[in-house]
*Asks:* 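Sharing a structure with you now.
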Amino acid sequence: MNDDSQPAAVRARSVVKSFGSEDTQVTVLKGIDLDIYLGELLLLVGESGGGKTTLLSAIAGILDIDDGQIDVLGVPLSNLPSSKRTRFRGQTMGFIYQQFNLLPALTAAENVAVPLLIQKIGRAEALRRARVMLNRVGLGDRMEFLPKNLSGGQQQRVAIARALVNEPRLLICDEPTAALDGPNGQKIMKLLREVGRAPDRCVIVVTHDSRIFHFGDRMANLTDGRIVNIEHIPQEGTA
Amino acid sequence: MNYVALKMLFGDRAKYLMLLCGLTFAVMLIVQQGSIFWGLMMWSQANISNLNVPIWVTDPGIAQVDEVKPIASTAVDRVRSVDGVEWAVPLYRGLLRARLANGEYHQITLTGLESATLIGRPAEVLEGRFEDILQPDAVALDQWAVERMGGPTVVTVGTIFELNDKLARVVAIAKTQKSFTNVPVVYTTYERAIRYVPRERRTLSYVLAKARDGVPVADVIQRIRAETGLGAFTEEDFGFKTIMWVLKNTGIGINFGTTILLGFIVGMAIAGQTFYLFTIENLKQFGALKAMGASTFTLARMILLQAFTVGLTGYGVGVGLATAFGFLTARGGNLPFAETWQLLLLVLVALLTICLVSASVSILKLVRLEPAIVFR
C-alpha cells in the first residue's frame, strides 16, 4: 500500500505538545515521528489520554504545536500563519467527528454543501454536488431530512459525505464509530474504505474500536505521547 | 455563508423566538415608556401649542405658560411699535369657576382672544361656529370641558352656565390637545373675558405676535425684549421652557426618567445577554465551521448578520406593538402618547449598538476559539 520511497502526505517530526503551565504542565505529545502516505488508511490507536486526538488536531493544523515540524502535502503546516492554515485546511482536508457535528438547522444536503459554501462556491452548485455525494453514501432518499430525523448511522454517513464533498487529499476521522452500534460501525468503516480511500488521498482514523482494525492499511499505536509501534495490517486475500 | 447563518438563526425556533421576545420586549418597553413620557411633555405645553402663534410676549420673569403673570395693558401697543412686528394681539388667560344649571361647580381656564381677529382660536371646531363667540354672552368650550363638566348630555351647544355670576352661553365646541392639568378651557373674546373675572389692576396675560415676513423671528424677539423689557419667546422656546419647568418642579422627570432608563438598561441587557448566550450555545457549531476552513472573518460576518437580523426584526415587532398600544389606548387623545421619529431613531441606534456589542463579545470568543473543540 505505502511505499516508503514516495513522499509522505503527512510528515511529522519530533512533534511536542504540552498543555497547562509550570506545575500543572502535562506533555501530551513527546516527540512524535510519523509518516502517512497517499492511498492508505492509517489507524491511530492507543489508550485514552495517550495523545491521539491531540496529534490529530495538530496534523489538521487546528492546534499549535510547541516544537517539531508537521508537513502536510509538502506544506510546512506548523509554520503557516493561522489564516493561511485555515484556508489550506478548507481546501485540502475533510473531517469526520465522533459526535458528527452536523448543523442541526440544515438539511442533510445543506450540511454536506457547507464546505463548498465556505470555499465560496455558489449555493445551487454546492447543493448539486452535495446531492451527488449523498447518493454515493446511500442517502439519496434522505437529502431533505434534518439531522434530528436521521439515525446515528445515517448522520455519520452525512458527515462522511460532508467530509468528502470538496474532494480533500487528507481525511481526518476522530472515533467515527464511537457513537454507533457494532453493525453500524462496520458499515461506516466499509463506506469510508470504499468511498473515502483513494490513490490520491490518505485517511487517518483515530479509534478505540478493535472490531474495525481490519479496515486499516497500517496501525500506529500511540501510548503516553509516543508512537510505540506501527504495524501493517494484512488485507483479506493477502494474508 | 449568509444562508447558513440565517438558517442557524431561524432553524432552532424556540431559541430564535426567545431571542426575538427579549429584543421585542426591550424595544416595546423603551418606545412605549418614551412615547408616554414625551406625550406628557406635549400635554404640559398644550396651552401654548393649542393657540398656534409664533411669538409669545410675557412678563420677563415668567416660568411657564400656566403660571400667568399679568402685564400692563399698554404692552400690546408697545409690542406693535417694535420694528419687524407684523401684528400683536392681547390674550387673557386665568382660572375661574363655572357654575352649571345643575348647581355643580367646575374650575375652568378662561381664554380671552382678541375679538377682531380671534387669533389663537382652535383650528378644528366639532360643533357650532367658533365665530359666534362674538355674540353677546357667547363662549366656546373645548371637548375636554364637555367631558369634565358632565358629558354631552349636560353641556352642549346652547347650554347656559355662569361664570362669576355672569351668563355664559355655549355656541361652539372645539377640538384641542389635552393639557397636563386637564382643566376645561372656555374661549371668549378678550373684552368679555375681563368682564367675567373680578377686577384686577392688570388683566393682560400675554401678547401674541408675529414677525413680518422676511424678518428673522429671533431678531424680532431680541428687539421686543430690548425695547419693552418684557419676556419674548418663540412658540417652541416657550414650550421648551414649560417642559423644563415641569421636569424640574415635578417628580415626572425623575420618575419617568428612571423608568425609561431602567427599561433601557434591562431591555438592552436582556437583548445583549440573550444574543450572547445564543452564540455561546452555537460555539461548537462555529468550531466545526472553523475546522472546515471558515475564516474568523467569515464567522464574524455570520454572527453580525444574525445579530442585526434578529435585532431589526425585534425592533420592527417591538415598535409595531408599542405603536399598536398607543393607537388603541391613546385614541382620541385620552392618554399621552407621542411616538416621535427621534425616539424611534434613538432606540434603533441603541439596539443596533447593543447588537454590535454583544456580537463583538461573541466574535472575540470565536477568535479565541480553538477549532479543536469539535474533537471533544
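The structure displayed is predicted, hence computed values, not measured ones. Reminder, nothing fancy here: chain letters follow the sequence lines and each chain counts from 1. All values below come from the heavy atoms of this structure, side chains included, with hydrogens, waters and symmetry mates left out.
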*Asks:* Give a yes or no on whether the backbone of A:Ala113 and the side-chain of A:Arg129 come within a donor-acceptor separation of less than 3.5 Å.
*Replies:* no

*Asks:* What is the minimum heavy-atom distance between B:Met1 and A:Leu117, and which atoms define it?
*Replies:*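 What the structure gives for the nearest pair is SD-CB, 3.7 Å.
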
*Asks:* Determine whether B:Val246 and B:Gln45 satisfy the following criterion, side-chain contact (heavy atoms from CB on, under 4.5 Å), listing intermediate values before the conclusion.
*Replies:* CA-CA 10 Å; B:Val246 171; B:Gln45 48 139 25; over 6 Å; no

*Asks:* Are there over 12 heavy-atom neighbours, none belonging to A:Glu125, within less than 6.0 Å of that residue's CD?
*Replies:*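 Atom CD in A:Glu125 is crowded, with more than 12 foreign heavy atoms closer than 6.0 Å.
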
*Asks:* Residues of residues 4-23 of chain B under 4.5 Å from chain A (heavy atom pairs)?
*Replies:*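 B:Val4, B:Lys7, B:Met8, B:Gly11, listed by number.
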
*Asks:* Working note: B:Ile354 + B:Ser358, criterion side-chain contact (heavy atoms from CB on, under 4.5 Å); need CA distance, chi angles, decisive distance, verdict.
*Replies:* CA-CA 6 Å; B:Ile354 207 77; B:Ser358 56; 5.5 Å; no

*Asks:* Is the backbone N or O of A:Pro176 less than 3.5 Å from a side-chain atom of A:Gln156, with the two atoms forming a donor-acceptor pair by type?
*Replies:*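 Yes, the answer is positive, given that a donor and an acceptor are paired below the 3.5 Å cut-off.
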
*Asks:* Pair B:Thr323, B:Glu339 - check side-chain hydrogen bond (donor to acceptor under 3.5 Å, both in side chains), show working.
*Replies:* CA-CA 8 Å; B:Thr323 306; B:Glu339 196 178 276; 2.9 Å; yes

*Asks:* Please determine if A:Glu144 and A:Arg131 form a salt bridge, counting it only when a charged side-chain N lies under 4.0 Å from a carboxylate O.
*Replies:*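 The answer is yes: the pair qualifies as a salt bridge.
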
*Asks:* Evaluate the side-chain proximity of A:Leu38 to A:Leu73: yes if any heavy-atom separation is below 4.5 Å, no if none is.
*Replies:* yes

*Asks:* Just wondering, do B:Tyr315 and B:Thr24 contact through their side chains at under 4.5 Å, heavy atoms?
*Replies:* no

*Asks:* With a 4.5 angstrom heavy-atom cut-off, which part of A:Arg85 approaches chain B: side chain, backbone, both or neither?
*Replies:* neither

*Asks:* Flag the one option from A:Lys120, A:Glu175, A:Gln119, A:Arg123 with the top tally of heavy-atom pairs under 4.5 Å to chain B.
*Replies:* A:Arg123

*Asks:* Output the option from A:Gln91, A:Glu110, A:Met93 having the highest count of non-hydrogen pairs under 4.5 Å with chain B.
*Replies:* A:Glu110

*Asks:* Using non-hydrogen atoms and a limit below 4.5 Å, what part of residues 293-313 of chain B faces chain A?
*Replies:*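 Within residues 293-313 of chain B, the residues that come under 4.5 Å of chain A (heavy atoms only) are B:Gly293, B:Ala294, B:Ser295.
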
*Asks:* Applying the side-chain contact (heavy atoms from CB on, under 4.5 Å) test to A:Ile227, which of A:Ile32, A:Asn221, A:Leu29 qualifies?
*Replies:*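 Looking at A:Ile32, A:Asn221, A:Leu29, the match for A:Ile227 under the side-chain contact (heavy atoms from CB on, under 4.5 Å) is A:Ile32.
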
